[in-house]
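One structure below.
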Amino acid sequence: MDKTSEILQDSFGRQHNYLRISLTEKCNLRCTYCMPESGVILSPKTQLMSSAEVIEIASLFVKNGVNKIRLTGGEPLLRKDFGEILSALSAMPVELSVTTNAILIDRHIEIFKNCGLTSINVSLDTLDAAKFDAITKRNQFEKAFENIELLLQEGFKVKLNVVLMKDFNEDEIIPFVQYTQDKNVSVRFIEFMPFDGNSWDKSKLVSYAEVLAQVKAHYAEDTLVSLPHEENFTARNFKIKGYMGNFGIISTVTNPFCDSCNRIRLTANGKLKNCLFSTSETDLLSTYRAGEAIEPLIQQAIWKKKAVRSGMTHSSDFENLANHDNRSMITIGG
Ligand code: SAM
Ligand code: SF4
């Protein structure tokens, strides 16, 4: 099927062909913007999707037109059955990818290759080991960095996700752009977003405009090249003339990309979220386990999707934390 079926279309005509599946609520890092300081209450194991359930539910979405699947978490590579899941999904007619913190990549690189994976998104918020320890609360910078280099050596397309925060890493925008000089890597600066337990505050935001201002102050005007938008883009992309890699800015807070959104999310405990910021969820797993069809639930959930950020259209709505009755990011799956 090359067109999405009706069940994946919302009331604004957007087709949702991109499913992000969270495989776990657990992580081997504790990034402060993602994992609440007090931790999270983990779902009991019996309420999490088994590998067979992930595969079967994913295949239902694929039958209805999903042609892009990203495995995320928590840290997806922590799942012992990660290889089994990736291998089964790789037999489906989908573009597959993974978002990971890179710590376990060396142990999984053969699985990636065997499953034909070509593109991996890796989170790395700093190029400084001490700052890495501070933001992730774990002492794993070298492992993460070596594994990113390993992916590049092995020819993977690597996108580096950098969440920017004031007084933490805004001084690393230029070093990250510099990193693209002789590496075939796409650095994506992400505006810090509010989720449960991450103490979001607008004053901590480093905006799209601030990133570009720093880049323009550092590089001559004629060396900054705007790249064409990708389909269903979430980042505005640029490169410095002559550099191998490129960089982009994901400005969900100051300039969202909802018009072209094609993404839906399935949490590790089998709940469908029609938007990253949705405050309601649809329990697919219980219905699936009861042996009933989940397609009507998927259709209703997607049809109800709001035009912009789950109804927080204006920045004042978005900045009001009372409107964010959501999960923590670690239990959503970014
Ligand atoms: N553990 C994997 C990782 O870190 O790549 C996958 C899960 S993580 C939740 C997915 C992505 O969400 C990461 O790129 C992370 O930087 C991003 N993320 C988490 N919390 C965020 C926040 N508050 N604002 C913006 N991005 C966030
Ligand atoms: Fe873990 Fe990724 Fe969240 Fe960091 S961003 S705590 S690595 S899930």
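Each residue takes its place number in the sequence, starting with 1. For the numbers below, each heavy atom of this structure counts, side chains included, while hydrogens, waters and symmetry mates do not. Atoms within each ligand, like the ligands themselves, are counted from 1 in listed order.
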With the side chain counted from C-beta on, respond yes when Phe82 and Pro76 share a heavy-atom pair under 4.5 Å apart, and no when they do not. yes
Report for atom 4 (Fe) of ligand 2, protein N, O or S closer than 2.8 Å, by chain and number, lists Cys31 SG
In terms of its nearest heavy atom to atom 8 (S) of ligand 2, the top option of Gly74, Ala102, Gly333 is Gly74
Phe132-Phe145 aromatic ring centre distance below 6.0 Å: no
Is the distance between the ring centroids of Phe277 and Phe195 under 6.0 Å? yes
By salt bridge (Lys or Arg N to Asp or Glu O under 4.0 Å), which residues pair with Asp325, not counting sequence neighbours? none
Give a yes or no on whether a salt bridge exists between Arg79 and Glu84, defined as a side-chain N under 4.0 angstrom from a carboxylate O. no
Check each protein residue for a heavy atom under 4.0 Å from ligand 1 and list those that pass, ordered by chain and number. Tyr33, Cys34, Thr72, Gly73, Gly74, Glu75, Thr99, Thr100, Asn101, Ser123, Asn161, Val163, Ile190, Glu191, Phe192, Met193, Phe195, Asn198, Met329, Gly334
Proximity of Phe61 and His16 rings by center, below 6.0 Å: no
For residues Ile135 and Trp200: do they belong to one hydrophobic cluster (side chain heavy atoms under 4.5 Å, members Ile, Leu, Val, Met, Phe, Trp, Tyr)? yes
Of all residues at least two apart in sequence or in a different chain, which pass the salt bridge (Lys or Arg N to Asp or Glu O under 4.0 Å) check with Lys183? Glu149
Would you say Thr99 and Asn161 make side-chain contact, with heavy atoms under 4.5 Å? yes
Below 4.5 Å, heavy atoms only, C-beta onward: do Asn28 and Asn101 meet side chain to side chain? yes
